[in-house]
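Model, not experiment: these values are computed from the prediction.
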Amino acid sequence: MFRLPIERTPEGDFLLTLSGDERELLRALPGQLRSLLEADPADPALRRLFPPAYEEDPESEDEYRRLMREELLNGRRAALEIVESTAGQARLSEEDVHAWIGALNDLRLVLGTRLDVTEEVYEAELDPRDPRAPELAVYGYLTWLQDSLVSAVADAFPSP
């Protein structure tokens with residue numbers, strides 16, 4: 001039987017079953033995204049993380065960014081830090097799992113934007129000759145892991 005990488009325990013926390021390579025990847029990726037967040041706020045890959053709140057009103061948009069950008073950045077930084085610091089653990093708290101879900105979503109959004117992932121790319125079988133194959137494999141892995149985390153959290157809710 002196939003086992004998901006994360007399962008809710010009877011105690012209410014989550015058992016994390018990942019290989020050493022997976023854990024190493026999950027310790028490395030947050031630092032890469034953090035560097036991008038600090039380097040260039042105008043990077044097009046970050047637009048998915050910070051979509052405009054007032055697309056039709058540039059003045060309101062500028063004010064919103066001035067007021068909210070640092071708070072939004074701090075939330076993303078905190079989630080990335082939790083993934084980095086807990087990737088080696090066997091168990092995660094519910095708070096940790098929610099941070100992981102957010103951080104994995106951010107990583108997927110940026111990577112997907114950089115790779116120009118579309119429905120067609122996402123649904124197609126990975127071609128190992130594609131020069132983007134390693135990054136697409138990471139994107140697929142992050143998608144699977146995020147889905148596993150969401151499923152583990154959802155298991156606590158009763159079925160209708």
Closest non-hydrogen atom pair between [X] and [Y], with its separation:
X: I101; Y: Q146; result: O-NE2, 3.3 Å
X: R8; Y: E94; result: NH1-OE1, 3.3 Å
X: T113; Y: R48; result: OG1-CG, 3.0 Å
X: A133; Y: P128; result: CB-O, 4.0 Å
X: V83; Y: P30; result: CG1-CG, 3.9 Å
X: L16; Y: A87; result: CD2-O, 4.2 Å

In a check of side-chain contact (heavy atoms from CB on, under 4.5 Å) between [X] and each of [options], which one passes?
X: L111; options: L109, L115, L107; result: L115
X: L37; options: V110, L73, D106; result: L73
X: L149; options: N105, D96, I6; result: I6

Salt bridge (charged side-chain N to carboxylate O under 4.0 Å, His left out) involving D130 - partner list, sequence neighbours excluded |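 Partners of D130 under the salt bridge (charged side-chain N to carboxylate O under 4.0 Å, His left out) test: R132.
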
Residues which pass salt bridge (charged side-chain N to carboxylate O under 4.0 Å, His left out) with E55, listed by chain and number, not counting sequence neighbours |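 Partners of E55 under the salt bridge (charged side-chain N to carboxylate O under 4.0 Å, His left out) test: R47.
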
Any side-chain heavy-atom pair from [X] and [Y] closer than 4.5 angstrom?
X: F14; Y: E7; answer: no
X: L26; Y: T86; answer: no
X: Y64; Y: D57; answer: no

Check each of E71, R76, R77 against N74 using the side chain to side chain donor-acceptor pair (under 3.5 Å) test, and report the only one that passes.
->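 The side chain to side chain donor-acceptor pair (under 3.5 Å) with N74 is passed solely by R77 among E71, R76, R77.
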
Expected output: side-chain D147 to main-chain W144 donor-acceptor under 3.5 Å |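 No.
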
Without swapping roles, check the side chain of R91 against the backbone of D13 for a donor-acceptor pair under 3.5 Å.
->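 Not confirmed, R91 side chain does not pair with D13 backbone.
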
So does E56 have more than 12 non-hydrogen atoms from other groups sitting under 6.0 Å from CD?
->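 No, CD of E56 has 12 or fewer neighbouring heavy atoms, counting only those of other groups under 6.0 Å.
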
side-chain hydrogen bond (donor to acceptor under 3.5 Å, both in side chains) between E22 and Y141, intermediate numbers included = CA-CA 9 Å; E22 290 171 295; Y141 170 73; 3.1 Å; yes

With sequence neighbours excluded, what pairs up with [X] under the side chain to side chain donor-acceptor pair (under 3.5 Å) test?
X: E63; answer: R66
X: R65; answer: E61
X: S35; answer: none
X: D62; answer: none

When rounded to the nearest 0.5 angstrom, what distance separates CG in L29 from CZ in R108?
->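 Rounded to the nearest 0.5 Å, the CG-CZ separation comes to 13.0 Å.
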
Give, for atom CG of L72 and atom CD of E70, the distance between the pair rounded to the nearest 0.5 Å.
->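 That separation rounds to 9.5 Å.
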
Derivation and outcome, side-chain contact (heavy atoms from CB on, under 4.5 Å), residues L145 and T143 | CA-CA 6 Å; L145 184 56; T143 300; over 6 Å; no

Report whether L15 and W100 are members of the same hydrophobic cluster (ILVMFWY, side-chain heavy atoms less than 4.5 Å apart, transitive linking).
->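 Unlinked, L15 and W100 end up in two clusters.
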
Could you tell me whether D43 and R114 make a salt bridge, using a distance below 4.0 angstrom between a side-chain N and a carboxylate O?
->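 Yes, this pair counts.
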
Please walk me through it: do E95 and S93 pass side-chain hydrogen bond (donor to acceptor under 3.5 Å, both in side chains)?
-> CA-CA 5 Å; E95 182 180 311; S93 69; 5.7 Å; no

